[in-house]
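Keep in mind that the numbers below use all heavy atoms, side chains included, and drop hydrogens, waters and symmetry copies.
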Amino acid sequence: PDQERLCLVLPAPDPVSPPAPMMCGRTSRAVLVGVVAVFAACALADEDLALPGTSEYETQLAGLQSSEGNLNPQFTKEGGDFKIFVDNGDSKTLVLTLVLQLAKYDMLHCPTVTINDEPFEYSPIQPLIFKVKLDESIGPFDKMFRIKIADPSGPSGWPFARLNAHEYNLHVLQPPDFDHIVEAQSLMVTSSAGQELISAETFDPQQEVYTYHVAGKVESVVLTPRCGVFATGMKINGESVNINDTEVVELVHSRTTVDFQCQYSDATWTSVIQDKTYSVRFLHHTDVSDLTVALRISQEQGYCAMRQMDQEVDGKSIMHNGWICRTNVDRPLFIVTYDNIHVDIAVQNDKTKVSYRLPMGVPVAVGITHERSQWTLKAFGGSSPITFPVEVIFAAACESLQCSPGLVQRPTLHNTQAAQARLCFEEECSRNDEAHCCTQAAKCSTFSSCPSGKALILHASDVLCNGAYCTEADAEVCCGAPAMCSAFGNCSADGKVLKKDAKQIACNGAECAAEDVDVCCMLAPVNPHTSTEAAARAAAERAAAHLAFLRRQAAKLRRALVRKHIDHYQLVGCSPHPNANCSGQTCYFDETCLQSPPRLGGLGCWAAGLDQNCRFCGFGLYPDCPHAPKCFEGDCHTWTSDHLNYCHKYYDLQCLGHVALSNEAIFRKYDASLAPGAAGSGAVGIFGRLPLVAVGGACALTVAGIAAATFAVRSGRRSSVQHHDFLVALAAEDPNTRGAEDIE
C-alpha cells in the first residue's frame, strides 16, 4: 500500500523461439487477461493516463511519414486531406509510418486503427508500418487511403453518443511507367491477299526497327500495329489515327518505310506527349539487272559525263560505268532519271559517308567541297544495290584560260547558260581545254565593213582579227587602199574596154579581179555604120557577158552561204560529219540533243563540253556514229536523193538541174542585208534575218549591192518580172539555162 507503482517481472523469453509481439486490441487483451486477473495490482495503470470512453482519451496521430515523395500539405495532428506524389516511376512500394503518442496510452487500452474501414493490427512496441503496393500495373497509380484513429470503446456521451476519432485522408499518386506504357504490344503485316509476312526481326517491344522482304509482284501490304491498353493515341507517318487502326502501304519504291507511334497524354502526369516510334521497312525486290540510269547536274551549274571508271569491289579494282561531274558551285542540283519506278537511288560521299536521296527527276542540292571527291551512286531494288562510281570536280572557268596564239576565247562564254560550255576539265585550265574554251580568231577575209574608200588588204585570209568575229575595230588591221581600175586588164575578154576615168575608179579589193569587170569596163562603142548582123552579134555578146557575170555572182553568193554553215560548225566545235574533234574522241553535230527530252536521254551530248549539240559516238556506251555522205566531192548530179537532202539540210548545198528549191525556200535561207532606208519586219533564217519590205502593197526582197527583184502577189498569181537579174543569179548555175529569157 505504501508503493506508488507495482512492477511485474516476467521471466526471460525462450532463446530458441522468438517471443510473440505484444499486440494491442483483442489479441493483446486475451493474452494479458490472466496476468490482469492474477496481478491486478500490477496493471501498468497511471492516474495521468486517460482511459477509453473518456473525453480525454487521445485519438490523434503524432506523425505520418512516407518513404517516397513529400506530404502535401504538411502533417497536422488534427487530421484532414493530404497528398503524396511519388514521382519515381520505378518505385514498387510506398511505406507509410504511423506515429502514435504511446506515452499517453495504457498498453491495455490502445486506440483502434482502421485503413479504408479495414482493421489494422499493430504492436505498440514496434513502429506502425503500412505498405502500399505501387507496381500493380505500368499505368498510373491513383488511390485514396482513409486512416482512422478511434477510441476502442466506441461511441459514448449523452444525450447523443459520438465516436471519439480522427481521420487522415491520404491521396497517393504515382505517374505511369512512361518507358513501357508507350510500347507496342504486337505488329502484324499481311499481303493484300491476307497472307501474313514474317519480319526479319522477332517482335520485341524494345525493338524499334523491323524489316520485311517483299517479292516484286506484291504491290501493297496491310500494316496492323497494336499499342498497349494505357495508350491514349497512335500516329502513322505523322498522321493521327484511331488506336490499333490498320494502314495500307503502297510499295511504289524499292524501299518504303512506315513509322508508327504509340502515345500517352494526361495532364495529370506529364505536360508533353509521351511516345515511342517504331520503323517498319519494306524492301521491295525488283529486277534491276537491265536498269538504265542517267545522272546530270542542272545545266547552268554543271554537267555529268558517263565514263568507264575504276571501282573497287571486294578489294579488287574493276572497270565500271560511272560519271565524271564538273561544277563550280558549292551546292549543285543533281538530277537522276531511270527507267524503273520501283527503284530508289541515292548518292553517298565515299569519305564522309554523307548521303542524299535522289527522287526520280527531282533536283536535289548536294553539298560538295572545292577538292575533288569520290561518290557512289546506289540503285536500290534487288537483294543488294547496284553501284556506280561518281567523281565530282570543282572545275575552273574558261575565263581563266589564256588561249594559245591564233586562238581567242569563245564569244559565247559570257552569255551562255550552259555551264558545260564555260567550264574547264580540271581544277585548273590547261591546253586540253582550248578545244571548247577557245576558237580560231577570225580572219580579215571575213571582214565586210571596210570604211568608204578602203578595201580588204591583200592576203586577208592570212591576217587575224582580234576576236572570234571581225568588228569595226579591226578596220585598221584588215583594210587598206583599194586597187584602181587602171590596173584591170581583162576588159577585152568580155568585149569591153576600160572606162575613160579608170584611174579614178577603185576596184572592190586590194587588187582588181574578174568581178570588177562591170566597175572598170564598159561596152565598146558601136559604129553606127556597122551592119545589122554585126549589131545583133554585139548585142548577143553583151547579153552573154552579162549572163556570165550573173553566174559568177550567183556562185559567189552560194559559196558565201555554204561558208557560213562551215564557219558555224567550226565555231561550235563539231560538224555533221563524225570526226575526232572532241578532245580526241569521235563526235558529231546532232540537233536532237536540243529536244525535250533529248534523244537517248542526252547520252553523249555536250561532248567534251564543246556545245550541247555535240554528241559522242562510236565508242564505249555511246551510240554508233551516223553515216554522213560527203558534200564537197564528186558530181552532185550522181548523188541519191538522201545524199542531196543531207547536204542541203546541213550546208544549204544545191545541185541545180537535179533538185530545185522554190524561190520562197531560197529566200528564207538566204541571209541578206536590209537596203538603206527600207523598213519592215523579216523572217528569221538560219544565220540572220531576211528582210521582207513592203513595196506598194506587194512583198519585195532587197539585196543591197547585188540586184533587186520585185514580186507582186495579186489573186494568187505572180506579176511580170520587171527586174529579173536576181532570178538570173539564182538559176545561173543551171547548165540547161541558155539565157535570160529562159529564166524569165
Side-chain angles (χ1 to χ4, degrees), residues 21 23-25 57-105 110-152 163-183 205-206 228-233 262-276:
M23 305 296 292
C24 286
Y57 187 79
E58 184 68 48
T59 58
Q60 292 180 337
L61 287 176
L64 178 62
Q65 301 171 355
S66 64
S67 60
E68 299 283 346
N70 296 315
L71 196 65
N72 187 29
Q74 291 185 350
F75 177 79
T76 58
K77 295 189 299 182
E78 289 77 13
D81 297 329
F82 303 93
K83 181 184 294 185
I84 295 179
F85 188 88
V86 182
D87 54 2
N88 185 359
D90 295 330
S91 298
K92 305 299 181 184
T93 303
L94 175 66
V95 179
L96 298 176
T97 302
L98 311 180
V99 182
L100 290 174
Q101 302 181 65
L102 294 177
K104 293 186 177 184
Y105 296 111
C110 297
T112 300
V113 179
T114 60
I115 299 178
N116 289 345
D117 297 329
E118 294 291 332
F120 177 72
E121 296 182 351
Y122 63 95
S123 170
I125 62 174
Q126 292 182 349
L128 278 69
I129 294 177
F130 177 67
K131 295 183 178 180
V132 179
K133 189 176 181 181
L134 300 176
D135 60 347
E136 294 179 350
S137 71
I138 60 175
F141 188 89
D142 186 351
K143 283 189 177 181
M144 292 291 299
F145 294 93
R146 192 172 69 256
I147 302 173
K148 186 175 182 181
I149 311 298
D151 187 331
L163 179 64
N164 181 15
H166 283 81
E167 289 189 0
Y168 303 87
N169 298 318
L170 186 61
H171 189 188
V172 179
L173 299 169
Q174 184 189 34
D177 185 345
F178 291 122
D179 291 337
H180 295 89
I181 200 171
V182 291
E183 288 181 340
Q206 302 294 323
V229 295
F230 293 103
T232 60
C262 294
Q263 297 180 320
Y264 179 82
S265 175
D266 190 331
T268 303
W269 313 110
T270 175
S271 59
V272 297
I273 297 177
Q274 304 291 329
D275 58 42
K276 187 168 186 176

Partners of [X] by salt bridge (charged side-chain N to carboxylate O under 4.0 Å, His left out), sequence neighbours excluded?
X: E68; value: none
X: K83; value: none
X: D90; value: none

Find out whether [X] and [Y] are in side-chain contact, i.e. whether some heavy atom of one side chain is under 4.5 Å from a heavy atom of the other.
X: L134; Y: T93; result: no
X: L94; Y: V172; result: yes
X: Y105; Y: E58; result: yes
X: L98; Y: V113; result: yes
X: D266; Y: Y264; result: yes
X: F130; Y: Y122; result: no

Do other residues, nucleotides or ligands put more than 12 heavy atoms under 6.0 Å from the CD1 atom of I129?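 Above 12, so yes.
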Could you verify whether a donor N or O on one side chain and an acceptor N or O on the other, from T59 and D151, lie under 3.5 Å apart? no
Look up atom CD1 in I147 and atom CD1 in I115, then write down how far apart they are to the nearest 0.5 Å.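 One gets 5.0 Å once the value is rounded to the nearest 0.5 Å.
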How many angstroms lie between OG1 in T97 and NZ in K131, if you round to the nearest 0.5 Å? 10.0 Å
What side-chain donor-acceptor pairs closer than 3.5 Å can you find for residues 173-181, not counting sequence neighbours?
residue: Q174; atom: NE2; partner: N88; partner atom: O; Å: 3.0
residue: Q174; atom: NE2; partner: S91; partner atom: O; Å: 3.0
residue: D177; atom: OD1; partner: D179; partner atom: N; Å: 3.2
residue: D177; atom: OD1; partner: H180; partner atom: ND1; Å: 3.3
residue: D177; atom: OD2; partner: H180; partner atom: ND1; Å: 2.7

Start with the C-alpha distance between L61 and L100, add both sets of side-chain angles, then the distance that settles side-chain contact (heavy atoms from CB on, under 4.5 Å), and finish with yes or no. CA-CA 5 Å; L61 287 176; L100 290 174; 3.7 Å; yes
Output all residues satisfying ring-ring contact (aromatic ring centres under 6.0 Å, His included) with F141, sequence neighbours left out; order by chain, then residue number.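 By the ring-ring contact (aromatic ring centres under 6.0 Å, His included) rule, F141 matches no residue at all.
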Residues forming a ring-ring contact (aromatic ring centres under 6.0 Å, His included) with F230, sequence neighbours excluded: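 F230 satisfies ring-ring contact (aromatic ring centres under 6.0 Å, His included) with no other residue.
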Test: side-chain hydrogen bond (donor to acceptor under 3.5 Å, both in side chains). Region: residues 72-82. Which pairs qualify, not counting sequence neighbours? D81-N169
Kindly state each residue pair satisfying side-chain hydrogen bond (donor to acceptor under 3.5 Å, both in side chains) with at least one member in residues 110-120, sequence neighbours excluded.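 Only D117-R146 qualify under side-chain hydrogen bond (donor to acceptor under 3.5 Å, both in side chains).
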Can you list everything that forms a side-chain hydrogen bond (donor to acceptor under 3.5 Å, both in side chains) with [X]? Sequence neighbours excluded, please.
X: Q263; result: none
X: Q60; result: H166
X: D275; result: none
X: Q65; result: none

I would like to know whether Y168 and F75 meet ring pair (Phe, Tyr, Trp, His ring centres under 6.0 Å); could you show each step before the answer? CA-CA 9 Å; Y168 303 87; F75 177 79; 5.6 Å; yes
Apply side-chain contact (heavy atoms from CB on, under 4.5 Å) to H171 and K143, showing your working. CA-CA 6 Å; H171 189 188; K143 283 189 177 181; over 6 Å; no
Smallest heavy-atom separation, P205 atom then K276 atom, equals O-NZ, 3.3 Å
Using only atom types and a distance under 3.5 Å, with no angle test, would you say the side chain of S66 pairs donor to acceptor with the backbone of L96?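 Looks like no, no N/O pair under 3.5 Å.
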Would you say the side-chain atoms of N164 pair up with the backbone N or O of Y57, donor to acceptor, closer than 3.5 Å?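 Checked: pair present.
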